[in-house]
Amino acid sequence: GGGVEGDGEEAGDQDPLAGLPGGGVLMDRLYQSVQLSERTGQYGALLLLDLDHFKDVNDTLGHDQGDHLLRQVSELLIACVRQTDMVALLGGDEFVVLLTNLGRTEEEASTQAGRISEQILYALSETYRLDRATITTSSSVGVVLFHGQEVSPPELLKQADLSLYQAKGAGRKVVRFFDPAIQKAFQNRLQLEDDLRNAMARDQFKVFYQ
């Protein structure tokens with residue numbers, strides 16, 4: 001799942017440690033997805049994330065343990081996305097997730113992209129058992145939506161990178177959309193869901209029958 005095959009990528013553009021497509025295959029797939037979005041009217045999204053304190057794992061436990069961690073994270077990411085989506089490794093600990101067919105409206109697409117991003121944050125915030133230690137780590141996610149070919153793939157990647165930078169600046173385990181209006185709507189939905197959960201826990205609902 002998760003497009004690990006990379007749609008026929010060359011062997012030289014696959015990370016030998018994580019078993020994921022690399023940057024070249026990602027860009028080819030992103031160009032294809034943008035063109036498909038233009039034809040179908042379906043939104044897509046580009047998610048960018050990296051691991052908190054990954055350098056510390058390499059420095060204190062060794063690069064082989066860092067590689068072990070990357071393999072585990074890769075498996076978790078693939079499990080979080082759909083068969084039609086793609087997970088790639090740009091280098092180091094920087095992962096990219098390409099989502100397609102998210103719907104024909106911005107609200108539907110941002111809801112789906114936000115939900116998958118939240119699933120990723122939850123999945124990655126777990127205990128990892130390495131050969132020499134047991135560690136916990138976390139991540140943040142930068143998200144940019146695309147609809148047609150209005151924004152070029154290289155620019156989309158830059159926007160996702162900026163979104164990730166903003167997410168990391170806002171604290172750990174944060175999702176940040178590039179578009180401020182989409183980000184505000186996403187935060188409002190999260191707040192509403194949190195309010196509903198709290199209300200249920202406190203038995204604050206009243207049922208009225210007509």
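These numbers were taken from a predicted model, which means no experiment stands behind them. Start at 1 with the first residue, then count along the sequence. Computed over heavy atoms, backbone and side chain alike; hydrogens, waters and symmetry mates excluded.
- One N or O on the side chain of S37 and one on the backbone of G148 form a donor-acceptor pair closer than 3.5 Å.
- Of the possible donor and acceptor atoms, none in the side chain of H147 sits under 3.5 Å from a partner among the backbone N and O of G44.
- Considering only heavy atoms from C-beta on, Q159 comes within 4.5 Å of L156 through its side chain.
- At distances below 3.5 Å, at least one donor-acceptor pair connects side-chain atoms of S110 with backbone N or O atoms of E107.
- Residues A113 and L145 share a closest heavy-atom pair of CB-CD2, 4.1 Å.
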- Show your working on side chain to side chain contact (heavy atoms under 4.5 Å, CB included) between V143 and F178 and close with a plain yes or no. CA-CA 6 Å; V143 186; F178 178 76; over 6 Å; no
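- Note that the CD atom of E108 and the OG1 atom of T105 stand 5.0 Å from one another [nearest 0.5 Å].
- Taking the side chain as every heavy atom from C-beta outward, E106 and Y43 approach each other to under 4.5 Å.
- Here the side chain of S139 pairs a donor or acceptor atom with the backbone of D50 at under 3.5 angstrom.
- Residues L49 and L77 form a side-chain contact, since some pair of their non-hydrogen atoms from C-beta on lies under 4.5 Å apart.
- At a threshold of 4.5 Å between non-hydrogen side-chain atoms, the residues D131 and H68 count as touching.
- Here OG1 of T60 is found 10.0 Å from NZ of K55. Values are rounded to the nearest 0.5 Å.
- Although no hydrogens or angles enter the test, the distance criterion places a donor-acceptor pair under 3.5 Å between the side chain of D93 and the main chain of L51.
- I135 contributes atom CD1, which lies 5.0 Å from atom CG of L130 (distance to the nearest 0.5 angstrom).
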- Query: How far apart are the C-alpha atoms of V25 and M86, what are their side-chain angles, what is the distance that settles it, and do they pass the side chain to side chain contact (heavy atoms under 4.5 Å, CB included) test?
  - Reply: CA-CA 10 Å; V25 174; M86 180 183 192; 3.4 Å; yes
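- Residues K168 and V174 form no side-chain contact, since every pair of their non-hydrogen atoms from C-beta on lies 4.5 Å or further apart.
- A donor-acceptor pair is defined here as one N or O able to donate and one able to accept, closer than 3.5 Å; no such pair exists between the side chain of Q72 and the backbone of Y128.
- Minimum interatomic distance between A167 and V141 (heavy atoms only, all atoms of both residues): CB-O, 3.8 Å.
- Contacts of R132 classified as salt bridge (Lys or Arg N to Asp or Glu O under 4.0 Å), with partners at least two apart in sequence or in another chain: D64.
- Proximity of a side-chain donor or acceptor of Q149 to a complementary backbone N or O of Q35 within less than 3.5 Å is not detected.
- Closest of all the heavy-atom pairs between N101 and Q112 is O-NE2, 4.4 Å.
- The residues K173 and D52 are annotated as not salt-bridged, no charged nitrogen and carboxylate oxygen being separated by less than 4.0 angstrom.
- For the residue pair A160 and V144, the shortest heavy atom distance occurs at CB-CG1, 3.9 Å.
- A 4.5 Å side-chain heavy-atom check between L48 and F95 finds every atom pair outside the cut-off.
- A side-chain contact (heavy atoms from CB on, under 4.5 Å) with D85 is found for one member of T100, L47, L98 and no other, namely T100.
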- Task: Begin with the C-alpha distance, continue with both residues' side-chain angles, and end with the deciding distance and a verdict on side chain to side chain contact (heavy atoms under 4.5 Å, CB included) for E118 and V175.
- Result: CA-CA 7 Å; E118 288 288 317; V175 177; 3.4 Å; yes
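- For the residue pair D179 and A181, the shortest heavy atom distance occurs at OD1-N, 2.8 Å.
- The shortest heavy-atom contact between A45 and L102 is CB-CD1, 3.6 Å.
- Note: R176 CZ to Y165 OH = 13.0 Å, rounded to the nearest 0.5 Å.
- Separating the CG atom in D161 from the CD atom in Q166 is a distance of 10.5 Å, to the nearest 0.5 Å.
- Residues R82 and L99 have side chains in contact (heavy-atom distance under 4.5 Å, counting atoms from C-beta outward).
- Note that CD of E126 and OG1 of T137 are 10.5 Å apart. Values are rounded to the nearest 0.5 Å.
- At least one side-chain heavy atom of L124 sits under 4.5 Å from a side-chain heavy atom of I120.
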- From CA spacing to verdict: side chain to side chain contact (heavy atoms under 4.5 Å, CB included), I78, L20: CA-CA 10 Å; I78 291 169; L20 295 177; 3.8 Å; yes
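- Hydrophobic clustering places Y31 together with V96 (ILVMFWY residues linked when any side-chain heavy atoms are closer than 4.5 Å, directly or through intermediates).
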